[in-house]
Amino acid sequence: MSDHTFSNFIEEIIENDLKGDFIREHLRFRFPPEPNGHLHIGHAKAICLNFGLSEYYRTPVNLRFDDTNPAKEEQTYVESIKKDIQWLGFRWNKECYTSDYFEQLYHWAQELIQEGKAYIDEQTQEEIIAQRKTPFESGIESLYRERPTQESLELFENMRSGKFEEGYCVLRAKIDMKAPNMNLRDPVMYRILKKAHQRTGKQWCIYPTYDWAHGQSDYIEQISHSLCSLEFDNHRPLYDWYLDQICKQGRIRPKQREFARLNLSHTIMSKRKLQRLIQEKTVTAWDDPRMPTLSGLRRRGYTAEAIRNFCQRIGIAKRENVIEVSLLEFSIREQLNKITPRVMAVLDPVKLIIENYPESQTEWLEAENNPEDPKAGARKIPFSKILYIEREDFMEIAPKKFFRLSIGSEIRLKNAYIIKGSGVLKDDDGKIIEIYAQYDPESRSGSGTEESLRKVKGTLHWVSAAHSIDIEARLYDQLFLVPAPEACKEEDFMNFMNPDSLKIVKGYGELSLKKAREGERFQFQRTGYFCVDRESSGERIVFNRTVTLKDSWAKENKNGPK
RNA sequence: AGACCCGUGGUGUAACGGUAGCACAGCAGAUUUUGGUUCUGUUAGUUGGGGUUCGAAUCCCUGCGGGUCUACCA
């Protein structure tokens, strides 16, 4: 409990309840996804809130699938949702389904009819909508509104037994057609849907609406605090009205409270729009590493811990927000810096030939695995005459702030020798195909010689050509060019796509990478954090770039006159 | 047009009538065999106007701005 640092208005509400006659043991939370899509980082915010509260107060949290619409929901989503929550590191108390309460809900509905608080409306959907009018004027009452309760009761039974076609009638709560809040203008409680349900099969042909089901499910499960996003704010009076009808003395009455959902810059969160990215093949799948889905982030190399830290940092409040991706990136770098082994890999290779190094010699040099973690130990890496270095790490004539290789300048090859650039070989187009350098045999890293201690302009990563493995690196960048692609309502969000959200390059990795397995994470020194993708094959390991290292040189280049 | 919700640096988020703080981003410097990490410093904020008060980001009034609501979706 003591390491709990966040504090927000939700917690404050709970603390205030606890100061009254509400006891800690009665605290209970729930996470209520609809099984109609995959979880994304926005859901992670809600998950961390509810499960976090549950951990803090040592009280149960239920996972409840809100499965009231068989037309949209599927069992596969249930599995995917459970997997993602577990991956995030949370455990629910009970796995619940709104469909488990269908019978109870039905009985409560019958009671409401009996009390004259609900009625069967036989008008068409169009008529009902028209009568509700707009928020700026009063609605009109249905001509079925005052029908005898017995008639409604029978009709309701017939609805259930399948005597009517879809859309023939609905059960409506009798509240107030003049209410400024549209949700109170006799909302629909049940509609006929002749679809088999993924769990109840053909048992039902009428299904409760969200409003009629949600608060009641909370009540059945004795959820104390039902937390949802801001757009349900207008539903709260209805939530409370329904609860007023069924709540019994001595039982916990759930309390709905609303917080702002997460918006992340340079991406989108809407399930429908995410779906469109897949349909239009802008991305490959739900778990494409560019997707803000939990499966996408996982495949990209994000850790659950980093996502949880992120959710902690963004806080909980009621105002609309757009969190900059840089905060997410900070969270993952923070962790990866601590845990990933460092390796060398060259992603845009050019040959570097050490002219004065013996032709057939190979030296095995010691390399530290992780300077942030002494326990990570060291490994041996092969050094030889022909190497690969990054094309951008060389310039024939360099500006003074270029701390890399150029003709006549000295730099260090990481974990190896100090070299001095001596020449280049170009093809007919003037493109450099080989770089030549001289090494100082006395300057070997870690040898302790005076030469090895010399200060040089910079340090480059490299790979021995004869001892390297082929790798494919998938370099991901933000999906959208603008911070809030959904903000502009006139323009299709697809127009803001970043055409370079994925770049695939072929490069060379150091030998030790040969045994890298799916999901394993590395820091490619000076380049970024990478994670082995499941599409790796025997010939070529595929690495997803989780995030780049911070690169103040690239930044300066972009800003500078060039 | 109506009801409800919300306005604190660039972005988030604290401060609950008593010094406007924290994180990310930015900038500058130190350290560094990763232009990484780490460390230090720094720029930058209470939506406008009234009121109440010794004292207001906080309470009241009012303007302005943003969001939600006119599904038999959730």
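The shown structure was predicted, so the numbers you read here are calculated from the model rather than taken from an experiment. Order of the sequence lines sets the chain letters (A, B, ...), proteins ahead of strands, with each chain counted from 1.
Across the C1' atoms, B:rA57 and B:rG45 are found 10 Å apart, a figure rounded to whole Å. The C1' atoms of B:rA23 and B:rC5 are separated by 26 Å, rounded to the nearest whole Å.
Checked options A:F524, A:Y388, A:F543; the residue passing with A:Y508 is A:Y388 (criterion: ring pair (Phe, Tyr, Trp, His ring centres under 6.0 Å)). The residue from A:Y210, A:Y219, A:W212 that alone fulfils the ring pair (Phe, Tyr, Trp, His ring centres under 6.0 Å) condition with A:Y242 is A:W212. Shown are A:K455, A:R454, A:R404; of these, the salt bridge (charged side-chain N to carboxylate O under 4.0 Å, His left out) with A:E410 is made only by A:R454. If you run salt bridge (charged side-chain N to carboxylate O under 4.0 Å, His left out) between A:R379 and each of A:E510, A:E368, A:E366, only A:E510 comes through.
A straight line from CG of A:D240 to C1' of B:rC4 spans 14 Å, rounded to a whole angstrom. As rounded to whole Å, 14 Å separates atom P of B:rA74 from atom CG of A:D218. A:N337 places its CG atom 18 Å from the P atom of B:rU32, with the value rounded to the nearest Å. Between the CD atom of A:E329 and the P atom of B:rU37 there is a distance of 13 Å, given to the nearest Å. Distance CG (A:D176) to C1' (B:rA3): 12 Å, rounded to an integer number of Å. Regarding A:N234, its CG atom lies at a distance of 10 Å from the P atom of B:rC4, rounded to whole Å. Rounded to a whole Å, the CG atom of A:L264 is 12 Å from the C1' atom of B:rG12.
Here A:K455 reaches the OP1 or OP2 of B:rU33: one of its side-chain N or O atoms lies under 4.0 Å away. Using a 4.0 Å cut-off, some side-chain N or O of A:R191 falls inside it from OP1 or OP2 of B:rC73. Remark: A:R526 is in phosphate contact with B:rG35, judged by side-chain N or O atoms under 4.0 Å from OP1 or OP2. Distances shown here put every side-chain N or O of A:R313 at or beyond 4.0 Å from the OP1 or OP2 atom of B:rA25. Regarding contacts with the backbone of B:rC72, a side-chain N or O of A:R132 is found under 4.0 angstrom from either OP1 or OP2. At least one side-chain nitrogen or oxygen of A:Q125 sits closer than 4.0 Å to the OP1 or OP2 atom of B:rC72. Listed pair A:K555 / B:rG26 meets the phosphate criterion, a side-chain N or O lying under 4.0 Å from OP1 or OP2. Contact check, A:T527 against B:rU34: no side-chain N or O comes under 4.0 Å of OP1 or OP2. A close approach under 4.0 Å does occur between a side-chain nitrogen or oxygen of A:T68 and OP1 or OP2 of B:rA74.
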### Task
Start with the C-alpha gap between A:T134 and A:E137, add the side-chain angles, then the distance that decides, and say whether side-chain hydrogen bond (donor to acceptor under 3.5 Å, both in side chains) holds.
CA-CA 6 Å; A:T134 70; A:E137 57 193 326; 3.2 Å; yes
### Query
Does the pair A:E258 and A:Q256 meet the rule for a side-chain hydrogen bond (donor to acceptor under 3.5 Å, both in side chains), with working shown?
CA-CA 7 Å; A:E258 312 79 18; A:Q256 172 182 305; 3.0 Å; yes
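With RNA chain B read from its 5' end, the first of the two nearest nucleotides for A:R333 and A:S443 is the one closest to A:R333. Of the two residues contacting RNA chain B, namely A:D66 and A:P371, the nearest-nucleotide position lying further toward the 5' end is that of A:P371.
Using a 4.0 Å heavy-atom criterion, one finds that A:L413 contacts no nucleic acid atom at all. Base engagement by A:L549 is indicated by at least one non-hydrogen atom pair under 4.0 Å involving a base atom. Among the protein residues, A:T209 comes within range of the sugar-phosphate backbone only, with heavy atoms under 4.0 Å from sugar or phosphate atoms but none that close to a base. Contact annotation for A:F330: backbone-only contact, meaning every heavy-atom pair under 4.0 Å involves sugar-phosphate atoms and none involves a base. Base engagement by A:F232 is indicated by at least one non-hydrogen atom pair under 4.0 Å involving a base atom. At the heavy-atom level, A:E372 lies under 4.0 Å from base atoms of the strands shown. Within 4.0 Å of A:V322, counting heavy atoms only, lie sugar-phosphate atoms of the nucleic acid but no base atom.
We find that the ring of A:W553 and the base of B:rG35 stack, their centres lying under 5.5 angstrom apart and their planes tilted less than 30°.
The base of B:rU34 has none of its N or O atoms less than 3.5 Å from a complementary donor or acceptor on the side chain of A:T459.
Proximity of the aromatic rings of A:Y190 and A:F156 is defined here by a centroid distance below 6.0 angstrom, and this criterion is met. For A:H197 and A:F102, the gap between ring centers is short of 6.0 Å.
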Using nucleotides 14-17 of chain B, report all nitrogen or oxygen pairs with the protein that are shorter than 3.5 Å.
from, atom 1, to, atom 2, distance (Å)
B:rA14, OP1, A:I316, O, 3.4
B:rC16, N3, A:E12, OE1, 3.4
B:rC16, N3, A:E12, OE2, 2.8
B:rC16, N4, A:E12, OE1, 2.2
B:rC16, N4, A:E12, OE2, 3.3

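Here CG of A:L155 is found 15.5 Å from CZ of A:R160. Values are rounded to the nearest 0.5 Å. In this structure, OG in A:S452 is found 9.0 Å from CG in A:D440, a value given to the nearest 0.5 Å. Atom-to-atom distance recorded for A:N370:CG and A:R342:CZ is 4.0 Å, nearest 0.5 angstrom.
Side chain of A:E390 to main chain of A:L347: a donor-acceptor pair is present (N/O by atom type, distance under 3.5 Å, no hydrogens or angles).
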### Intra- and inter-strand pairs of RNA chain B in dot-bracket (Watson-Crick or G-U wobble, both distances under 3.5 Å; | for another strand)
.((((((..((((....[..)))).(((((.......)))))....(((((..]....))))))))))).....
